Amino acid sequence: MDQQLNRPELTPASEPVSRRGVLRAATVSAAAVGTVGLLGAPAAATPGASTGHAPGRRRVPVDRISIQLYTLRDQLAADLPGSLDALRRIGYRRVEHAGFVGRTAAQFRAALDEAGLRSTSGHVGIPQPFDAAAWEQALHDANVVGSKKIVHPYFGRDASGQPIRDPAVYRALARDLNRAGRLAERAGLDFGYHNHQLEFVPLTNGSTGFDILTAQTDPRLVHFELDLYWTWRGAHDPVDVIKANRGRIRQVHVKDLDVEGGFADLGGGVIDFGRIFAHEREAGIEEYIVERDDAGTAPRSPADALDTARVGFDYLASLRY
């Protein structure tokens with residue numbers, strides 16, 4: 001299934017929701033859990049990298065820097081070979097796909113090979129309700145592309161678009177994640193879960209969806225791809241999340257938060273990434289994945305996403321912590 005341009009993300013009622021729709025609705029969910037809690041606390045607690053964490057001698061390994069191709073979705077649709085070649089020239093050697101841009105898995109792999117890139121990870125939603133045969137086909141495609149990891153990208157809204165607050169729904173998801181992870185393991189792939197802010201909304205029993213997912217998924221089968229932006233938007237400090245889930249945060253989406261709570265190119269916002277990455281060994285981080293959800297959408301142009309990609313790579317390659 002091609003998820004690149006209008007990325008389907010399944011709600012519990014199996015209703016397709018585009019990632020753009022998620023972004024448009026972000027302010028709705030902010031109001032649902034309290035705007036002050038989502039934005040005010042993280043921004044105040046964590047100064048920008050330029051004024052916060054003191055630089056040290058550690059650095060992000062360049063060969064572990066990746067980019068989520070959702071960042072460049074419209075540019076890829078306009079010119080897949082040229083866009084992939086531009087990423088290679090920026091310095092990227094690995095990417096995380098969000099679908100195959102209208103190609104088959106084999107065709108997409110050929111385009112990556114031509115550009116000298118590897119799709120080491122990919123976002124693919126597990127079927128809801130769970131369908132083992134459909135998931136096994138997704139795992140087959142992941143192996144064709146050459147991925148080592150496959151990640152469920154989105155969850156957290158009910159059929160009416162509101163944040164899920166029923167713990168039973170998250171418990172059911174945890175069971176499905178374990179099933180998906182077990183099949184992924186058999187296929188030679190690592191399976192992960194990518195969060196937004198919705199997993200941190202308080203549930204009716206006082207816990208959160210993230211609490212349930214971390215407690216009720218098998219660490220041998222399910223790791224977490226922590227989106228640092230959305231974790232802050234969920235009023236949680238990524239360092240605290242790492243400390244509570246040692247060894248399970250194998251991937252991070254490195255996405256900056258501007259002073260208004262929106263997106264920013266890396267280094268242009270308020271998140272102190274050095275402070276977070278100082279806990280990289282404790283977390284178990286294997287990939288640092290640049291992303292900006294609105295990088296090429298109005299008022300920006302699709303080509304602006306390549307600037308975001310360049311700024312992101314240069315920022316991570318030069319960061320000391």
Side-chain angles (χ1 to χ4, degrees), residues 1-9 18-20 22-23 26 60 62-77 80 83-84 86-88 90-101 108 111-112 115 117-125 142 145-155 190-197 223-233 238 249-257 263-266 269 271 273 285-297 300 302 304-317:
M1 179 185 299
D2 190 332
Q3 297 175 307
Q4 183 69 42
L5 296 181
N6 191 26
R7 187 171 178 178
E9 298 163 333
S18 73
R19 181 93 165 256
R20 288 193 182 110
V22 172
L23 295 176
V60 175
V62 173
D63 63 353
R64 294 189 183 183
I65 299 174
S66 182
I67 185 167
Q68 167 51 248
L69 293 182
Y70 183 79
T71 303
L72 295 104
R73 55 197 176 277
D74 295 321
Q75 185 67 16
L76 291 169
L80 178 62
S83 300
L84 294 178
L87 290 176
R88 180 64 170 75
I90 287 169
Y92 291 99
R93 298 296 181 269
R94 60 172 73 192
V95 300
E96 180 178 60
H97 77 74
F100 303 142
V101 200
F108 189 70
L112 291 169
L117 295 171
R118 296 179 297 136
S119 183
T120 55
S121 181
H123 273 196
V124 183
V145 171
S147 296
K148 300 300 182 185
K149 293 178 172 61
I150 186 168
V151 179
H152 182 76
Y154 178 79
F155 192 79
D190 292 335
F191 176 61
Y193 181 89
H194 170 271
N195 69 284
H196 287 76
Q197 83 279 36
H223 72 268
F224 289 87
E225 180 179 73
L226 196 67
D227 190 300
L228 304 178
Y229 170 94
W230 288 116
T231 301
W232 278 124
R233 285 292 304 266
I249 313 298
R250 297 184 197 162
Q251 299 168 280
V252 287
H253 272 193
V254 191
K255 182 189 308 180
D256 217 341
L257 174 75
F263 303 109
D265 284 351
L266 295 191
I271 297 179
F273 294 106
I285 299 173
E286 298 170 0
E287 284 192 310
Y288 303 77
I289 304 169
V290 173
E291 187 180 33
R292 177 170 171 171
D293 299 46
D294 67 342
T297 58
R300 303 177 107 226
D304 288 335
L306 286 169
D307 290 333
T308 289
R310 176 185 53 77
V311 170
F313 184 90
D314 290 347
Y315 176 85
L316 288 181

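Since the structure is predicted, the reported quantities are computational estimates derived from the model, not experimental observations.
Side chains of E286 and H223: a donor-acceptor N/O pair is absent below 3.5 angstrom, by distance only. No hydrogens or angles considered: a donor-acceptor pair under 3.5 Å links the side chains of D227 and H194.
For the atom pair CD (E291) and CG (D256), the distance works out to 13.0 Å, reported to the nearest 0.5 Å. Here the straight-line distance linking atom CZ of F191 with atom CD of E225 works out to 11.0 Å at 0.5 Å rounding. With rounding to the nearest 0.5 Å, the separation of CG in L87 from CZ in R93 is 11.0 Å. Interatomic distance, I150 CD1 to S119 OG, rounded to the nearest 0.5 Å: 10.0 Å. How far CZ of R250 is from OG of S121: 12.0 Å, rounded to the nearest 0.5 Å. Rounded to the nearest 0.5 Å, atoms CG (D314) and CD1 (I90) are 8.0 Å apart.
Two residues are said to be in side-chain contact when any heavy atoms from C-beta on lie closer than 4.5 Å; V254 and V60 fail this criterion. Residues I65 and F313 meet the side-chain proximity criterion, which asks for heavy atoms closer than 4.5 Å. Put simply, the side chain of L226 reaches to within 4.5 Å of the side chain of N195, judged on heavy atoms. Side-chain contact between W232 and P238 is present, with heavy atoms from C-beta onward closer than 4.5 Å. The closest side-chain heavy-atom distance from Q251 to E96 is below 4.5 Å. Here the side chains of V145 and F100 are in contact, with some heavy-atom distance below 4.5 Å.
What you find for L72 and I67 is that their closest heavy atoms are CD1-CD1, 3.6 Å. Residue V311 comes nearest to D265 through the heavy atom pair CG1-CB, 4.0 Å, listed as atom of the first residue, atom of the second, then distance. Across all their heavy atoms, Q68 and A98 have their closest contact at OE1-CB, 3.1 Å.
The aromatic ring centres of Y229 and H253 sit 6.0 Å or more apart.
When atom types are taken as modelled, the side chain of R73 and the backbone of D293 share a donor-acceptor pair closer than 3.5 angstrom. Of the possible polar contacts, one joining the S83 side chain to the Q75 backbone as a donor-acceptor pair under 3.5 Å is found. Of the possible donor and acceptor atoms, none in the side chain of Y70 sits under 3.5 Å from a partner among the backbone N and O of H123.
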*Please assess L76 against L84 for the test side chain to side chain contact (heavy atoms under 4.5 Å, CB included), listing each intermediate value before the final yes or no.*
CA-CA 8 Å; L76 291 169; L84 294 178; 4.1 Å; yes
_Test side chain to side chain contact (heavy atoms under 4.5 Å, CB included) applied to F273 and L316, step by step_ = CA-CA 9 Å; F273 294 106; L316 288 181; 5.7 Å; no
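Between W230 and H196, the two ring planes are tilted [angle within 30° to 60°].
Under the side chain to side chain contact (heavy atoms under 4.5 Å, CB included) criterion, A295 pairs with T71, R292, R300, A305, T308, sequence neighbours left out. Legend: residues meeting salt bridge (charged side-chain N to carboxylate O under 4.0 Å, His left out) with R94, ordered by chain and number and at least two apart, are E287.
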